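Worksheet for the structure shown next.
Reminder, nothing fancy here: chain letters follow the sequence lines and each chain counts from 1. Computed from a predicted model, the values in this text were never measured in an experiment.
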Number of protein chains: 2
Amino acid sequence: MTERLPAARVRNGYSAWRLIAEELRVEIGDGRLAVGDRLPTENSLSQRFSVNRHTARQAIAALAAEGLVESRRGSGTFVLGDTVRLHRIGVRTRLSSSLHEQRSAAADVRVLHSAVEEPPVDIAERLNIGGGRAVRVETSRSADGQPISVGTHWFDAERLPNIAEGMASAGSVTAALAASGIKDYVRVSTVVGARHATSMEGSLLSLGPGAIVLVTEALDSEPDGTPLQYLVSRFAAQRVRLDIEHPRTD
Amino acid sequence: MTERLPAARVRNGYSAWRLIAEELRVEIGDGRLAVGDRLPTENSLSQRFSVNRHTARQAIAALAAEGLVESRRGSGTFVLGDTVRLHRIGVRTRLSSSLHEQRSAAADVRVLHSAVEEPPVDIAERLNIGGGRAVRVETSRSADGQPISVGTHWFDAERLPNIAEGMASAGSVTAALAASGIKDYVRVSTVVGARHATSMEGSLLSLGPGAIVLVTEALDSEPDGTPLQYLVSRFAAQRVRLDIEHPRTD
DNA sequence: CAAAGTTGTCTATCTTTCTAGACAACTATC
DNA sequence: GATAGTTGTCTAGAAAGATAGACAACTTTG
């Protein structure tokens, strides 16, 4: 009879192998396991996390399915790589530019859906449209063929009635605004959070269920302070870091 | 014989009720379910997500255990509230100040551990200490008795040999640096990501396993550009939003 | 070439999660 | 007060997750 630690794993809704996989992902992400390194063996992982070897194997299999590691029979499991993109956030942040500092394959913005509707009160307030209607535009953005983020844009319907069509044809918020006579705008505020992706976001960003999204809520306005756009973006946290601009205050 | 949809739920490591709970949490967070609203009934939730009513119940139970909703027999389940703190990030970002705009109960910084050691190469590079040693300080921060974030600070060991003791006694990075003769410093860069919490982070932040942390990696330097501190902070994403400062460029 | 160490695969069993159904307890409405 | 609708609790069984052990296939080291 083998000693059976009750383990008393709390029922947290996460399978053991998923928790192990996430822990290993962190070690890969922060460099404790560098590209090319060999992971601990399946036996040592199963001891470290107090699970059966098969459970540890499943964690590795999940990472391998993502292309993060590769197992080689007889020799071990090795870290392949961990590519993340940087998305710059600053006063002049625009959706379509400045993804991955060096402008790689142009960030491709697509309009998925648009509608004119009553905005939620907090958004109406921020856009300063008391009682008026708003244009809501749903977009998705990808770079190098890989989906990066989905966005929900809100505009004053009275002021910018044709913004959705402009965005769809120009493939850019900046260009659509320019077509409506707005030459310049600046980022006023950005708030960043993180949460699990919804099933809808998961399918748009080709993420598994339970994946994480970075959520930014931002307000853009004209240089004189008139609110223009309220934008909620959701980035695939696996693939994106937000790089925050700190202008020198010389 | 009831129709049995195979459901073909992929084995993603997340239990069904956890995915449902996270989906509901999103709806509460973004206002589709406002404070005081009644959630859909257990029966309608079970239909919507194609699970048994008991599974839907478990999702609700998880949210209730967090204090996010409350069930009342005979009448329904209601949204209680969703309190988040704002942590400001800008050029003058300091750890101990500016949590929750109005300065609530002082953000309390505690030193958990410190050591002098060889820094990882990328950190050595950013701190501009080629081959030298670094002081690593692990901290935790709470406000109103609730843990908010954990941090890993790196300093040049040659230049700031006693920084850890200073932080422990002063309870503040700014004060400890002042004691070492550094009157002012500025934030140079901040990169934000998100991932699952490790088990260690989970216990320090009193989060369940699998919870999400917002990760900021930041470099502070003296006004003349000399690197001072490299800081990795992990915030409990359930409780914190990062509020990014966009200074007006007048 | 031998030995030790590693991943790949198979079978069996136990535990946890999910499904299914029934009914009680309570609330709101007519 | 009757009725419909809601959450709370119980039992039972099916499906999925995790454990346990054995051995094959392969690589690296000596």
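- For B:I60 and D:dT6, the CD1 to C1' distance is 11 Å, given to the nearest whole Å.
- Comparing D:dA18, D:dT28, D:dC10 by their nearest atom to the side chain of A:T55 picks out D:dA18.
- When each of A:G74 and A:A56 is assigned the nucleotide of DNA chain D with its nearest heavy atom, A:A56 is the one assigned upstream, toward the 5' end.
- For B:E125, the CD atom sits in a loose shell: 12 or fewer heavy atoms of surrounding residues, nucleotides or ligands are nearer than 6.0 Å.
- Closest approach to the A:R53 side chain among D:dT6, C:dC26, C:dT9 is made by C:dT9 (side chain taken as heavy atoms from C-beta onward).
- Closest approach to the A:R57 side chain among C:dG8, C:dA25, C:dT6 is made by C:dG8 (side chain taken as heavy atoms from C-beta onward).
- Side-chain atoms of A:R18 come within 3.5 Å of backbone atoms of B:N12 as a donor-acceptor pair (strictly under, hydrogens ignored).
- Atom pair A:Y14:OH and D:dA16:C1' shows a separation of 19 Å (rounding to whole Å applied).
- Residue contacts shown for B:R72 are limited to sugar-phosphate atoms, with no base heavy atom under 4.0 Å away.
- Between B:R25 and B:E66, at least one side-chain N (NZ, or NE/NH1/NH2) sits under 4.0 Å from a carboxylate O, which counts as a salt bridge.
- In this structure, B:R18 places its CZ atom 18 Å from P of C:dT16, rounding to the nearest Å.
- A straight line from CG of B:L63 to P of D:dT7 spans 14 Å, rounded to a whole angstrom.
- The listed nucleotides are D:dG8, C:dC18, C:dT27; the one nearest the side chain of B:S75 is C:dT27.
- Neither OP1 nor OP2 of C:dT17 sits under 4.0 Å from any side-chain N or O of B:W17.
- What separates NE2 of B:H54 from P of C:dC23 is a distance of 14 Å, to the nearest Å.
- Nearest nucleotide to the side chain of A:A16, out of C:dA20, D:dA18, D:dT7: D:dA18.
- Summarising the geometry, the separation between CG on B:N52 and C1' on C:dT17 is reported as 11 Å, rounded to the nearest angstrom.
- Between A:I20 atom CD1 and D:dG17 atom P the separation is 15 Å, expressed in whole Å.
- Among the nucleotides C:dC18, C:dT19, D:dT9, the one closest to any side-chain atom of B:Q58 is C:dC18.
- With hydrogens and angles left out, the side-chain atoms of B:S140 and B:R110 include no donor and acceptor closer than 3.5 Å.
- Residue A:T152 forms a side-chain hydrogen bond (donor to acceptor under 3.5 Å, both in side chains) with just one option from A:H113, A:R136, A:E138, and that option is A:E138.
- Taking the side chain of B:E42 as heavy atoms from C-beta on, and the options D:dT7, D:dT19, C:dT7, the nearest nucleotide is D:dT7.
- Put simply, CG on B:N43 is 16 Å from P on C:dC23, counting in whole angstrom units.
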